[in-house]
Amino acid sequence: MEENNNNIFEPRIIAFVCNWCTYAGADLTGTSRIKYATNVEIVRFPCTGRIDFMLLLKAFAGGADGIIISGCHPNDCHYTSGNFHARRRWMVFRDMLDFMGIDIERIRWSWVSAAEGAKWADVVNDTVGKIREMGPYTEYKKAAKFLEEEKIIHE
Amino acid sequence: MSKLSEKAATLLSEGTVKMIIGYEQGTERPRPAFCHKPEDCERLIFNDQCSNNLAVYLTKKEIIGEDKVGVVGNYYVIKTVIQLNRENQINLQNLVVMTVDGDDIITFGSIDEMQQYVDTHEPVPNEKVLAVIEKIDKMSRSERWDYWKSELSKCVRCYACRAACPLCYCNRCVTEVNCPQWIEPWAAPLSNMEWQINRVMHMSGRCVGCGECAAACPLELPIGILTKKMGMDIKNTFGGWKDGSVLSTYNVNDKENFIK
Amino acid sequence: MSKIGVFICHCGENISATVDCERVAKSASEMEGVAFATDYKYMCSDPGQSLIKNAIREYHLDGVVVGSCSPRMHEPTFRRACSEAGLNPYLCEIANLREHVSWVHEKSEATTLKAIDIVKGVVEKVRRNKPLNAIEVPITKKALVIGGGIAGIQASLDIANCGQKVILIEKGPSIGGHMSQLSETFPTLDCSQCILTPRMVEVAQHPNITLYTYAELEKLDGFIGNFKATIRLKAKSVDYNKCTGCGLCTTKCPQKKIPSEFNEGLGTRTAIFTPFPQAVPNKPAIDKEHCNYYQKGKCKVCQKFCPTGAIEYDKPDEFITEDIGAVIVTTGFNVLKTDFFPEYGYGKYKDVITGLQFERLASASGPTLGEIRRPSDGQIPKKIVFISCCGSRDPAKGIPYCSKICCMYTAKHAMLYQHKVHDGESTIFYMDVRAGGKNYEEFVRRAVEEDHVNYVRGRVARVYEKNGKLIVKGVDTLLGAKPVEIEADMVVLATAGVANKGAEELAQKMHISYDPYHFFAEAHPKLKPVETNTAGIFLAGACQAPKDIPETVASASGAAVKAVSLLSQPTLVREPIVAVVNRCAPPMFSTCVGCFMCETICPYNAIEHEEIKDRRTGKVIKTVAKINPGLCQGCGTCVSFCRSKSIDIQGYTNEEMFAEVTALLNK
Amino acid sequence: MERLIIKSDQIHTWLAKIIETVPRVLAPVKTGSKAEFKEIKDAGSVAYDVITTTSSVKASAFPNTETLFAYEKQGTDTKIYDVAEENFLDTVIWRARPCDAVGFGPLTKIFNWDYKDKLYNERFSRLVVVSFACDKADGCCFCTSVGGGPGNTAGSDIMLTKINDKETLVEVLTDKGQKLIDLCKDCFTKADDSIDKESVLAKIPVRFTREQIHEKLAKSFESPIWKAQSERCLGCGACAFVCPTCACFDIQEGAHGNHGRRVRCWDSCGFTLFTQHTSGHNPRPTQATRWRQRVMHKFSYMPDRLDIYGCTGCGRCSRACPVDMNIAEHLTNIANNE
């Protein structure tokens, strides 16, 4: 579903969130009945420290146009330091992706606490808006579909 | 017989070590040599051309066995030994680490001595590598993507980069994990890139910068640029790192301007 | 081929109003590995759960996906249902269709498609889920109570009376907390000390309670049932084994003009002091900041006079570590000082005081022995103004919440004043009078009707001094915003209840969460009011939010029951969401290469070294990592760090997460 | 077989005509200091001054990664899509070396041993190999020791030999080759019988014979030489991947939800995992056993079973090896091993 009836590009975004802060925050967005865009689908992890960087690349390869990563604010990690380790991992990862020309502007990093239901809605809407403006991540999808590029298959 | 050969032969004949790993003259440039008997040691040489990172053999059980071995390595071998020791991969008791400095053969008595040597003998950075990094840095993002996609599309996944790296000692590499299949095992532009991204992430803060990954690549792909750039970024971001891995430690005050 | 059952809940209309549940169920029935899919109005209801149970039996399901409210809500409910039907509970997962879909999106095609996607992701995960069994770990039968106010006292006594050991630590020199400062308590007007001090003594004498005063939590390691607390015993400079509590030292100490904390600065104390006569323990400690010896290097008067030679200077703080099974945090609260209020003179008018200071004036043991006298000149105020909601319910002041206790204690203050100063005139400026509680409204009515307290609905704009009088300027909103000006002799501010200083650091030490105002956060505002998000740590009293005494005591007893119910179990059964290092066939034994870089990653020191030995020769073949399942809390940081993917985390395995992420995107 | 002469400056014209006519022309193109076979669109882009490319040209018939079939699950049914061979491109391999051309011999035998590999055969049938005889060799070249030579025509459809700066001898070896000649008939003249090709060829000493190796291998299975030679081997797949005759492959599944592809990709007997069993047992547990397998396979098992040797003497593995496992040197040692 890349385009709806109005020909507006509807990006597909996967959100990788920790269970204790952002997942709970997104629950609060729900209990507060704050509306946001439908483009983001949430995957729950125990902690941001658990989020494997390869899963981000897999999301892009699978056709995601954008990614949200969110967890507990510094010092609030349910496991004390998972978010600190994750933060370091992302620092190195971002630099590397950027150097290789992978579009890090399509990855939104955020801290959303269990109390920040409204912030979650903002993060989602903001990211959807930004990715919509950027358009589909065609070049990455194309690279991922290397085998399918060959027109050598008949039924 | 050179001083080096003599020293090595003595270590073997006295029974201090059962094997000496060093360099010998190969087809066009020096290559790794394994001396088991004093007379083998005549082949040993040491010069600026001796670039193989011999530490790669120190984690291979089938090569070093249970016995004490000596290694006559270059700067990067020493640096790698320090890192391997941090990572519990070698038994220093069973290792005699040596290098050649001018006419002298230095035998290291401890990790501290090796560290001191490493701190005071840093080789000049490879200007060519730096120039390529600068060139890539100046590109636009899509140019960078095109550059790497085109370069890494040539990769045939022979894993010479992995095999030549002394710190790629895993019994099972992430590329060999198939539940789930993190990286598709066949050569294809994206899986080739993913392999290199994994390699770099796994090396972050650990890479000693010997450049053997790039030297091993039969296709001359610029993969050494990636590890070098990662090293530079880490130095910029974290101001260097002492204890081995930047990714297994953290600082509460790490910059997080990208997290909004 | 898996046989997953998918159950889509309408949640009444909470989900079905915006999501086409029938269609989600139909799509799910076509997903690979799904053997049965249906939708139902209330899946969490008894018939709903029966529906799941019956389907498990009828279709021999090997996995269940419930599309419903957040897993944080009903995951345990549905897992229990599955378990009752013979399915391993960890083969049941929740697709969050309410909080993450129906409540946040309008009714549309996209909303239903998103619901289908989420269900598909969870189905793919469940297809890979493995049955897991709960982990049993031993429990240290001892509770730690932090804070010796009424909450800590009540919790300690309740636990101790159940036969469990308690360590109570209090950072001040005596237990008792704010309650010991109060004069009389609403709504019964019984003397606070009279009801509190027997309990304090009981704490001191209870064989199951170890009391450490002048003590603070330094560090808390470990996890539920198995905490290790490091406690700092601050040096008191007095050896309590020798001290008899005769009090001679406190009469001899030359430093006599130190503002007394107990009296909220309205009285003085000495440098070696017992905070109040009924203190427990009733032995003095030296306040180093004011002691001549510590500040100037000489004096030692107390040592000279001490008949038992109990004074010991220059003794460093001591640290003790205690194994603890459960922790109750009862660190209480504080009230804002008058200097927080520029409009009321930044605290520079001596006769503008806080409610807590008024308590001391009204207290028989207070600096005025219970007579209401102005701090400035000791005169009895003839006109007194009470201002409620000072700071509270004022987002501009950063305190949007209601401090809850002020309405009642202000009414009490006015009453006490009227009882003590018969010709006095008292006025209360209020926003609303919140008197919810047993006999509370009656109490306020009594203040108005029997004690003729003058209630003015309106806010006070300014208080300023003029000719020795405090001019209180406000409006009476019930009289059409008519300006009111009172020449008062004394003004009492019902300042907002706030979190203690350092609450944030303490929370971080214990890894519990706190709200934006640094009050500690409960695990659930309604259903888990005394639990924190960290298992084994409970909350009671005003460290959570301002509370009155009955509420504090009730929560303390509640937390005590939670702690006791934990400590009274033979072992602790934990969720098996822990990391595991793989094992494989020889000669590799494990894909772990033993680099042990994961050790520094783990916040719980759960990663241990395991030597794999040759069975015949006993020789070590390989040293690999091993996770202590008792220590592991399941954050999974090691999992994504491990280069060779040799660690995985049960319940969130690489295969499961990979499948879920890719399934969301795959066609 | 016809012997023709082409003027050196006409070669360009001829190639241009080939590029214009044939859907795909592969030729060595410079990549850094080395060269690789790549599709060319311009006759000027051929790198003539390199001895060999890093990789062999085998990928033209046996790609590094190729789809075997695709599938799509539809409910309980699975739909299979086969590869449409008719879409494979007719291809001219320009400026192959004799050692490249001869490599298709063993490859073709391997892929037709018992199962006739349709995909390989279809691709191979579309190849026309235009080889250039070697006037230069380097220290890694040893074709003459394995039955080949710098002017060996086996496997080529056309062979060009530069006789002098002006003239190049063109040996038309097959009908396929003839068709290429026909594209540009005017460029060629009949060659004089007196032209001696041998005299311009590179001189490559014979270090051993295949038969010698074959004979030695028969009794060397337990020899310590394997350990001694392979000590420095790192166990990468570079040698196998650049080899013109290595044909080991892996079969993999590229599954994405309800659809996917089955893929064949190169593998190497040098990898530990190549023979690793699920049980944990590895019949070739050390690099020495894997090195032995590599040599045995090419010089013992293949001649025994397929009646062809698995080495063309191109020396690519020696050049590609990060630790200078020089195969000619090792084979010489084996030949001389007592």
Side-chain angles (χ1 to χ4, degrees), chain A residues 1 4 10 12 14 16 18-21 23-24 26-56 58-64 72 75-86 89 113-115 120-121 124, chain C residues 69-73 94 96 98-106 108-111 113-114 117-118 121 125 504-505 507-508 511-516 521 533-534 577 579 600-604 633-641 645 649 651-652 654 657-658 660-667:
Chain A
M1 189 202 53
N4 63 15
E10 290 296 345
R12 302 211 58 179
I14 302 290
F16 297 80
C18 83
N19 179 44
W20 302 98
C21 289
Y23 195 91
D27 275 0
L28 181 60
T29 320
T31 36
S32 317
R33 309 296 201 282
I34 303 169
K35 302 282 182 251
Y36 59 76
T38 54
N39 308 57
V40 173
E41 284 160 17
I42 295 174
V43 186
R44 178 165 73 135
F45 288 79
C47 176
T48 37
R50 168 69 186 92
I51 303 169
D52 201 299
F53 64 83
M54 274 306 288
L55 285 174
L56 274 61
K58 289 294 147 190
F60 277 145
C72 308
N75 292 319
D76 288 357
C77 176
H78 181 73
Y79 307 100
T80 4
S81 55
N83 55 354
F84 288 133
H85 284 294
R89 186 181 306 149
S113 80
W120 175 249
V124 168
Chain C
C69 52
S70 171
R72 299 168 64 82
M73 196 74 183
I94 311 298
N96 189 339
R98 196 179 72 178
E99 281 83 345
H100 290 187
V101 185
S102 69
W103 277 354
V104 289
H105 305 315
E106 306 291 349
S108 75
E109 171 80 2
T111 305
L113 287 177
K114 177 175 169 181
D117 266 350
I118 290 178
K125 178 172 190 289
E504 199 182 346
E505 288 82 34
Q508 288 169 5
H511 319 312
I512 61 174
S513 26
Y514 47 88
D515 68 15
N533 262 334
T534 304
I577 310 300
T600 52
I601 284 269
C602 181
Y604 304 101
Q633 293 297 292
C635 69
T637 308
C638 56
V639 177
S640 43
F641 173 75
K645 304 282 171 207
I649 174 169
Y652 293 93
N654 283 325
M657 300 323 293
F658 189 98
E660 185 173 345
V661 170
T662 47
L664 289 176
L665 293 156
N666 280 334
K667 271 199 278 308

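These numbers were taken from a predicted model, which means no experiment stands behind them. Chain naming here is simple, since letters A, B, ... match the order of the sequence lines and numbering starts at 1 in each. We use all heavy atoms of the structure for the numbers below, so side chains are in, but hydrogens, waters and symmetry mates are not.
Among the candidates A:A115, A:G82, A:A121, A:A26, the residue making the largest number of heavy-atom pairs closer than 4.5 Å to chain C is A:A26. For the options A:C18, A:A37, A:S113, A:S32, heavy-atom pairs under 4.5 Å to chain C are most numerous at A:A37. Per-residue counts of heavy-atom pairs under 4.5 Å with chain A were compared for C:G636, C:A507, C:C602, C:S513; the largest is that of C:G636. Among A:F45, A:W20, A:Y23, the residue making the largest number of heavy-atom pairs under 4.5 Å with chain C is A:Y23. The candidate with the highest count of non-hydrogen atom pairs below 4.5 Å against chain A, out of C:R98, C:E504, C:H511, is C:H511. Contact count versus chain A (heavy atoms, under 4.5 Å) is highest, among C:A579, C:S70, C:S108, C:G651, for C:S70.
Side-chain contact between C:K645 and A:D52: present, with at least one pair of heavy atoms (C-beta onward) separated by less than 4.5 Å. The closest side-chain heavy-atom distance from A:I42 to C:N96 is not below 4.5 Å. Looking at heavy atoms from C-beta onward, A:E41 lies out of side-chain contact with C:L665 at the 4.5 angstrom threshold.
Remark: C:E106 CD to A:T38 OG1 distance equals 10.5 Å, nearest 0.5 Å. Here the CG atom belonging to C:L113 is positioned 11.5 Å from the CD atom belonging to A:E10, to the nearest 0.5 angstrom. Distance check: A:R44 CZ to C:H100 NE2 gives 9.0 Å after rounding to the nearest 0.5 Å. Here the CZ-OG distance, from A:R33 to C:S102, works out to 8.0 Å after rounding to the nearest 0.5 Å. Atom CD1 of A:I14 and atom CG of C:L664 lie 4.5 Å apart (nearest 0.5 Å).
Of all heavy-atom pairs between A:P46 and C:G634, the closest is CB-O, 3.4 Å.
Distance alone, capped at 3.5 Å, is enough to place a donor-acceptor pair between the C:H105 side chain and the A:Y36 backbone.
Looking at C:T111, the atoms closer than 4.5 Å to chain A (heavy atoms on both sides) sit in the backbone and in the side chain alike. With a 4.5 angstrom heavy-atom cutoff, C:D515 does not touch chain A via any of its atoms. Interface remark: A:I34 contributes backbone atoms only to the contact with chain C (heavy atom separation under 4.5 Å). Contact of A:D27 with chain C is made through backbone and side chain together, with heavy-atom distances under 4.5 Å. Both the backbone and the side chain of C:Q633 come within contact range of chain A, each with at least one heavy atom under 4.5 Å from a heavy atom of that chain. Neither the backbone nor the side chain of A:W120 comes within less than 4.5 Å of any heavy atom in chain C. C:I512 does not touch chain A: none of its heavy atoms, backbone or side chain, sits under 4.5 Å away. For chain C, no part of A:F53 is nearby; none of its heavy atoms comes within less than 4.5 Å. Interface residue A:F16: only side-chain heavy atoms are found under 4.5 Å from chain C. Proximity to chain C (any heavy atom under 4.5 Å) is shown, for A:A86, by neither the backbone nor the side chain. Residue A:V124: no heavy atom, backbone or side chain, is found under 4.5 Å from chain C. For chain C, no part of A:L28 is nearby; none of its heavy atoms comes within less than 4.5 Å. When heavy atoms are compared at a cutoff of 4.5 Å, A:R89 approaches chain C solely by way of its side chain, counted from C-beta outward. With a 4.5 Å cut-off on non-hydrogen atoms, A:H85 touches chain C through its side chain but not through its backbone.
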After noting the C-alpha distance and the side-chain angles of C:Y514 and A:D76, does the key distance pass the side chain to side chain contact (heavy atoms under 4.5 Å, CB included) rule? CA-CA 9 Å; C:Y514 47 88; A:D76 288 357; 3.2 Å; yes
I would like to know whether A:L55 and C:M657 meet side chain to side chain contact (heavy atoms under 4.5 Å, CB included); could you show each step before the answer? CA-CA 8 Å; A:L55 285 174; C:M657 300 323 293; 4.1 Å; yes
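No option in A:T29, A:T31, A:V40 other than A:T29 meets the side-chain contact (heavy atoms from CB on, under 4.5 Å) test with C:V104.
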